[in-house]
Every structure is written in C-alpha cells, then in structure tokens.
> 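Take a look at the following structure, please.
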Amino acid sequence: MDAYKLWVRKNRDLVRSLESLANGVTWILPERFGNSEIAPEAVYALLGIVSSVNQHIIETPNDGQEQSIPWPLVVSILKDAEAVVEVAAQHFVGDDRKWGFLAVTEAVKACVRLAAFRESGYRMLLQGGEVENEEEDIVADNHGVKSNGVPVIYPMNGHAQNGHEIGSNGLDGKAGFISKSLEGRAVAALNKFGQNAKMMSDPMWMTRLQPTPVLPVMEVEKPTLATIWSSKGVSGRLFMLGEAVHIFRPLVYVLMIRKFGIKSWTPWLVSLAVELTSLGIHSHATDLNHRAGKVHHLSSAERDELKRRKMMWALYVMRDPFFANYTKRHLEKAEKALNPVPLVGFLIGKLVELVEGAQSRYTYTSGS
C-alpha cells in the first residue's frame with residue numbers, strides 16, 4: 001500500500017488523466033440505465049471510489065503521523081456505493097421495495113456526516129462532508145468569544161501560537177493567557193507592572209542564574225458540544241440546528257417516498273420544506289450575529305457552500321412528480337421541435353435520453 005501511495009503522489013497528473021478517461025468511457029457503456037444491468041453501475045462506482053482514494057492520498061501529507069478517520073473519504077465512498085445499492089435493490093426486490101435499502105444507506109450517511117460535523121469542531125459541512133472545512137473562524141464578538149464557542153485569548157506580546165494566543169508573562173513568570181475583557185486587561189496590566197518591578201529589584205547576577213522559562217506546548221482541543229451549546233449563544237444553537245436539519249434532509253425524503261410513493265407530491269414538498277427550513281435557520285443565525293456585533297460570521301468557503309445548496313434546488317425539477325408532470329413535457333417539445341435539424345436533432349435526442357435515464361435514479365437527483 002505504501003508503494004501505491006508513493007506512485008500516486010509522484011504521478012498525480014497521470015492518475016487524474018486516467019481517471020477522467022475511465023469515467024468518460026463508462027457513460028457510453030451499453031444499457032447504462034437498464035434495470036437489469038448492475039455491472040456498468042458497479043464499474044462506475046468502483047472508479048469513483050478509486051478516484052476518491054487517490055485524491056485522499058494526494059491531499060494527505062506524507063509526514064508519518066497517525067491520521068484520524070478520513071470522514072470526507074468515507075462520505076465519498078458511501079455516495080458512490082449508494083448507486084450500486086439502488087440498482088441491485090431495484091433488480092432483486094423491485095422498485096417499490098428498494099426504498100428500504102436506500103433508507104438504510106441514507107441513515108448511515110447521516111451518521112457519518114454527524115461524526116464529521118463533530119470532528120470538524122461543529123463547522124459547516126462542505127459539499128455534504130466530502131470536503132474538509134479547515135478554514136479557521138476569525139469571528140469575535142464583543143464579549144471575547146469566537147464563533148465556535150471558544151473564548152478569544154489575547155496575548156500580552158501580540159503573538160499567537162497553534163491557534164491560541166499566548167502571553168509571555170503570567171502570574172508566575174511563565175506563559176499565560178489574557179482575555180480581551182476589561183477585567184482581563186486590568187489583570188494583565190497589573191501582571192506587567194509586577195514583572196517590571198521584580199526585574200528592577202532583583203540583582204543582575206541573580207537574573208543571570210535564573211533559568212529561562214520555556215513556553216509550554218499547548219494542545220489545541222476541539223470544542224465539545226457542551227462548550228458550543230453553553231458559549232455560542234442563540235445564534236450558535238441555531239447554526240447547529242440548521243446544519244443538523246440539512247444533514248437529515250435526504251433521510252427524511254427517502255422515508256417519505258417509502259411511505260407515500262415516488263409519484264406523490266408529499267415527499268417532494270416535505271423535502272423542499274426541510275431544505276428551506278435549514279437555509280432559513282442559517283440566515284436567521286447570521287442576522288443574530290450581525291445584531292450582536294459580530295465582525296464576521298462565515299468564512300468564504302462557507303458562504304460558497306450556502307450558494308451551492310441554493311443552486312441544488314434546481315434538482316427539484318428533475319424529481320418526480322414535478323419531472324413527470326412538467327419537465328418531461330417541455331423536454332419532449334424541445335426534442336420534437338429540433339428533431340428535423342441535422343445533427344442538432346440527434347444530439348438533443350441523446351441528451352433527452354440521458355436526462356430521462358438519470359432522472360429515473362434516486363442517487364443522481366437526490367442531491368445528497
């Protein structure tokens with residue numbers, strides 16, 4: 001395995017080119033969307049898993065340190081495997097009973113995403129958890145609390161280390177932490193005054209004999225759920241609630257389809273309502289941050305993620321019953337109108353065929 005990792009890191013451009021070529025070939029496999037054809041979908045899923053593993057190898061630093069569970073990689077593998085689960089269930093148990101298997105798959109994905117949400121320090125999941133949110137929050141409110149619920153620590157010497165600000169002089173002459181509050185700054189001033197007085201009163205030869213204090217190595221601890229819940233306030237709780245609603249939306253959608261059927265408007269409307277609720281909660285939490293005097297509330301990656309989630313609403317026109325009643329009708333009209341045009345009519349016909357085939361699969365239109 002180590003030899004394979006080394007080869008992938010050395011030939012990353014070649015690996016990506018081979019992956020793109022292989023993925024393109026799978027789209028022209030015969031009867032790709034046939035109900036009895038599991039092999040083409042399995043090949044495509046396998047290529048997706050290999051691609052995700054290779055990308056993880058390329059992005060992971062080769063420093064020999066023990067890595068934690070790669071939750072983004074786990075999410076990517078589950079998404080690729082879900083397509084095979086759907087096709088196999090559809091082939092062996094039929095269209096109506098496949099939703100039970102998909103519900104189990106979505107439940108596993110929701111648990112993995114919750115674990116990734118916790119592992120990231122309760123930051124927003126990017127692209128459904130497939131991309132790690134590593135951008136540090138730079139938000140501080142008027143009470144000296146970061147957006148992730150951790151108190152903001154301000155150093156006496158103006159320097160920071162390992163994400164925590166360290167004061168060079170504490171009460172005992174060692175490294176100390178100073179809060180931005182008025183009380184903290186007052187204590188810091190008294191500490192500084194005491195240290196200066198001590199240095200002036202001590203003889204120079206005693207100062208030389210004293211060992212130079214060594215700054216301790218601070219281990220950065222990720223905020224726990226209790227820390228977030230108690231320190232982040234109403235806006236932080238709303239943010240966590242909105243993210244949890246977004247994580248469970250696909251599972252709710254599948255369970256509603258399993259109960260009411262794919263042709264019913266109830267799953268479609270409930271899924272859309274959950275989606276709007278999640279974004280509405282995030283928006284309300286952002287407004288509360290502004291009112292509380294937050295300098296900055298979302299990183300650039302998180303703002304892009306909210307835009308991506310809004311763009312995913314376009315998938316609702318591909319889901320039944322909206323697709324069967326409206327979208328498909330317009331596609332057929334466009335195909336009929338452009339069919340007499342040479343080459344264009346042929347290409348449009350193939351495009352419509354691909355769209356209808358992809359629409360018949362839950363995994364391609366679920367947005368999960």
Side-chain angles (χ1 to χ4, degrees), residues 1-27 42-84 105 108-138 146-148 150 160-164 217 219-223 243 246-247 250 298-309 311-312 363-364 366-368:
M1 189 63 183
D2 292 336
Y4 177 74
K5 290 181 179 179
L6 181 61
W7 182 84
V8 170
R9 291 190 177 103
K10 288 184 176 180
N11 303 276
R12 58 183 65 188
D13 294 334
L14 176 61
V15 169
R16 287 167 177 165
S17 299
L18 291 176
E19 290 171 355
S20 300
L21 178 62
N23 289 330
V25 171
T26 57
W27 281 98
V43 171
Y44 183 76
L46 179 61
L47 290 174
I49 292 174
V50 172
S51 177
S52 300
V53 172
N54 290 338
Q55 188 66 25
H56 174 71
I57 293 174
I58 293 173
E59 294 178 352
T60 303
N62 188 19
D63 51 9
Q65 296 182 358
E66 184 179 354
Q67 301 291 332
S68 59
I69 298 177
W71 294 114
L73 177 61
V74 176
V75 173
S76 299
I77 292 176
L78 286 175
K79 290 184 68 174
D80 289 324
E82 188 177 25
V84 182
T105 307
V108 174
K109 286 167 60 180
C111 293
V112 171
R113 282 169 174 155
L114 284 176
F117 186 43
R118 179 181 180 276
E119 184 72 16
S120 67
Y122 301 98
R123 293 194 183 112
M124 181 181 294
L125 295 181
L126 305 180
Q127 297 186 20
E130 291 188 85
V131 177
E132 195 168 356
N133 189 353
E134 296 179 337
E135 189 167 352
E136 288 289 341
D137 296 330
I138 58 174
K146 285 185 179 180
S147 63
N148 59 2
V150 180
Q161 182 175 350
N162 294 333
H164 291 270
V217 178
E219 295 183 0
V220 180
E221 295 184 1
K222 295 181 179 179
E243 202 64 16
H246 175 74
I247 290 173
L298 292 176
S299 65
S300 58
E302 290 171 342
R303 290 196 299 270
D304 292 340
E305 171 63 18
L306 290 180
K307 294 178 182 178
R308 187 194 70 86
R309 294 180 185 181
M311 292 179 63
M312 295 294 287
T363 49
Y364 293 146
S366 63
S368 65

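What you are looking at is a predicted structure, and each value in this text was computed from that prediction instead of being measured.
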> What residues form a salt bridge (charged side-chain N to carboxylate O under 4.0 Å, His left out) with R9, not counting sequence neighbours?
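Scan of R9 (salt bridge (charged side-chain N to carboxylate O under 4.0 Å, His left out), adjacent residues dropped) gives none.
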
> Going by the rule salt bridge (charged side-chain N to carboxylate O under 4.0 Å, His left out), which residues pair with E305 if we only count those two or more places apart in sequence or in a different chain?
R308, R309

> Hey, is the main chain of A116 close enough, under 3.5 Å, to the side chain of S120 for a donor-acceptor pair?
yes

> Just to verify, what does L46 make a side-chain contact (heavy atoms from CB on, under 4.5 Å) with, not counting sequence neighbours?
V50

> R16 versus Q55: any side-chain heavy-atom pair under 4.5 Å?
yes

> Do E82 and K109 have side chains that get closer than 4.5 Å, going by heavy atoms?
yes

> Mind checking whether R123 and E302 have side chains closer than 4.5 Å, heavy atoms only?
yes

> So, using side-chain contact (heavy atoms from CB on, under 4.5 Å) as the criterion, who are the partners of S366 when residues are at least two apart?
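Residues passing side-chain contact (heavy atoms from CB on, under 4.5 Å) with S366: Y362, S368.
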
> Heavy atoms, side chains only, cut-off 4.5 Å: are Q127 and V75 in contact?
no

> Under the salt bridge (charged side-chain N to carboxylate O under 4.0 Å, His left out) test, which residues partner K79, sequence neighbours left out?
E130

> Could you list the residues that satisfy side-chain contact (heavy atoms from CB on, under 4.5 Å) with L114, not counting sequence neighbours?
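With neighbours one apart ignored, the set is I247, F248.
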
> How many angstroms lie between atom CG of L125 and atom CH2 of W71, to the nearest 0.5 angstrom?
12.0 Å

> For the side-chain contact (heavy atoms from CB on, under 4.5 Å) test, which of L73, I77, V74 pairs with H56?
L73

> Going through the distances and angles, do N54 and Y4 end up as a side chain to side chain contact (heavy atoms under 4.5 Å, CB included)?
CA-CA 10 Å; N54 290 338; Y4 177 74; 2.5 Å; yes

